[in-house]
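Here the structure is laid out as structure tokens; the discussion comes afterwards.
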Amino acid sequence: KFCCTSVLSSRKWILSKMNVFQRDLNIQTPGRGFVDVTGFIEKLLIESKVAVGLCHIFCMHTSASLTITENADPNVHVDLLHFMKELVPDGSPAYTHRSEGDDDLPAHVRSVLTDSSLTVPITNERLNLGRWQGIYLLEHRYQPHSRDICVTITGKDQDGARSLRK
């Protein structure tokens with residue numbers, strides 16, 4: 001245990017043992033596109049019993065990535081895929097890395113331009129996402145792939161969250 005004083009207030013927060021929960025998810029993708037993984041992560045959050053904390057999601061691949069984006073209108077995903085295709089075209093003669101196909105280097109570039117990891121706050125036992133936000137695995141390759149995501153949830157359970165303030 002240790003004690004610290006908040007810069008924004010005079011309250012003291014006593015930080016005791018934090019819960020840490022970690023699971024790997026394997027997601028089968030249909031090929032290039034968005035795969036909504038929000039529901040999978042919400043199930044892990046329930047299993048973790050964390051009420052307040054952080055959820056860290058890490059994609060263990062270099063040709064797929066993670067993003068938080070619109071979850072209501074699928075045309076947003078169509079437009080984002082079109083934007084990425086325009087920004088990083090497949091099969092450009094400027095690319096030298098072609099050993100795995102015309103979509104491989106563009107997949108790496110798209111992955112670099114997006115995120116390999118995300119952190120989402122947990123509030124009241126829920127992911128604290130906006131109304132129209134979802135967590136997506138973004139497959140950058142043409143073909144279906146098996147993708148691994150590591151989800152780490154840290155924080156306090158309901159009892160610990162209530163007793164956090166002294």
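Predicted model only: the values in this text are computed from it and were never measured. Count residues from 1 along the sequence.
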Where [X] and [Y] come nearest, the two heavy atoms and their spacing:
{"X": "Gln28", "Y": "Ser146", "result": "NE2-OG, 3.1 Å"}
{"X": "Asp104", "Y": "Arg141", "result": "OD1-NH1, 3.1 Å"}
{"X": "Cys55", "Y": "Ile153", "result": "SG-CG1, 4.0 Å"}
{"X": "Ala64", "Y": "Cys59", "result": "O-SG, 3.7 Å"}
{"X": "Arg98", "Y": "Asp102", "result": "NH1-OD1, 3.4 Å"}
{"X": "Pro89", "Y": "Pro106", "result": "O-CG, 3.5 Å"}

- request: Just do the side chain to side chain contact (heavy atoms under 4.5 Å, CB included) check on Leu137 and Val37 with the steps written out, would you?
  value: CA-CA 7 Å; Leu137 172 65; Val37 296; 4.1 Å; yes

- prompt: When rounded to the nearest 0.5 angstrom, what distance separates CG in Leu25 from CZ in Arg147?
  reply: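 Going from the CG atom of Leu25 to the CZ atom of Arg147 covers 14.5 Å.
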
- request: Would you give the length of the straight line joining atom CD1 of Ile149 to atom NE2 of His61, rounded to the nearest 0.5 angstrom?
  value: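 Rounded to the nearest 0.5 Å, the CD1-NE2 separation comes to 8.0 Å.
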
Joint hydrophobic cluster, [X] plus [Y], side-chain heavy atoms closer than 4.5 Å:
{"X": "Tyr95", "Y": "Leu87", "answer": "yes"}
{"X": "Ile68", "Y": "Val151", "answer": "yes"}
{"X": "Ile122", "Y": "Leu54", "answer": "no"}
{"X": "Val35", "Y": "Phe58", "answer": "no"}
{"X": "Leu66", "Y": "Met84", "answer": "no"}

task: I would like to know whether Ile57 and Phe40 meet side chain to side chain contact (heavy atoms under 4.5 Å, CB included); could you show each step before the answer?
output: CA-CA 11 Å; Ile57 308 120; Phe40 297 114; over 6 Å; no

task: State which residues pass salt bridge (Lys or Arg N to Asp or Glu O under 4.0 Å) with Arg126; sequence neighbours excluded, sorted by chain then number.
output: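 If we apply the salt bridge (Lys or Arg N to Asp or Glu O under 4.0 Å) test to Arg126, skipping adjacent residues, there are no hits.
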
- request: Sequence neighbours left out, what passes salt bridge (Lys or Arg N to Asp or Glu O under 4.0 Å) with Arg32? Give chain and number order.
  value: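 Checked Arg32 against salt bridge (Lys or Arg N to Asp or Glu O under 4.0 Å); matches are Asp90.
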
message: I'd like to check the side chain to side chain donor-acceptor pair (under 3.5 Å) partners of Thr123; sequence neighbours left out, ordered by chain and number.
response: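 Residues passing side chain to side chain donor-acceptor pair (under 3.5 Å) with Thr123: Asn128.
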
field: Sequence-distant partners of Thr38, side chain to side chain donor-acceptor pair (under 3.5 Å), two or more places apart
entry: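 Residues passing side chain to side chain donor-acceptor pair (under 3.5 Å) with Thr38: Asp36.
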
message: Before we go on, tell me: are the rings of His97 and His108 under 6.0 Å apart, centre to centre?
response: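 Between His97 and His108, the centre distance is under 6.0 Å.
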
query: Considering only heavy atoms from C-beta outward, does the side chain of Asn71 approach that of Leu129 to under 4.5 Å?
result: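 SC-SC contact between Asn71 and Leu129 ruled out.
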
Validation row: His56, Ser117 side chains within 4.5 angstrom (heavy atoms):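 The answer is yes, as the side chains (C-beta and beyond) meet within the 4.5 Å cut-off.
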
- request: Decide if atom CG of Asn26 counts as having more than 12 heavy atoms of other residues, nucleotides or ligands within a radius under 6.0 Å.
  value: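 It does: Asn26 CG has more than 12 such atoms within range.
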
Donor-acceptor contacts, no H, no angles, side chain residues 41-53, under 3.5 Å, sequence neighbours left out:
residue : atom : partner : partner atom : Å
Glu47   : OE2  : Arg23   : NH2          : 3.1
Ser48   : OG   : Leu45   : O            : 2.7
Ser48   : OG   : Val50   : N            : 3.2

task: Please assess Glu70 against Gln133 for the test side chain to side chain contact (heavy atoms under 4.5 Å, CB included), listing each intermediate value before the final yes or no.
output: CA-CA 5 Å; Glu70 167 103 24; Gln133 289 181 319; over 6 Å; no

task: Test Lys85 against Arg110 for side chain to side chain contact (heavy atoms under 4.5 Å, CB included), laying out the working first.
output: CA-CA 9 Å; Lys85 185 177 177 182; Arg110 292 171 183 160; 4.3 Å; yes

task: Starting from the C-alpha separation in whole Å, work towards a yes-or-no answer on side chain to side chain donor-acceptor pair (under 3.5 Å) for Ser65 and His140.
output: CA-CA 8 Å; Ser65 59; His140 299 295; 2.7 Å; yes

Connected hydrophobic set around Val76, excluding itself, where side chains approach under 4.5 Å: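 So far as hydrophobic clustering goes, Val76 is joined with Phe34, Leu80, Leu81, Tyr136, Leu138.
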
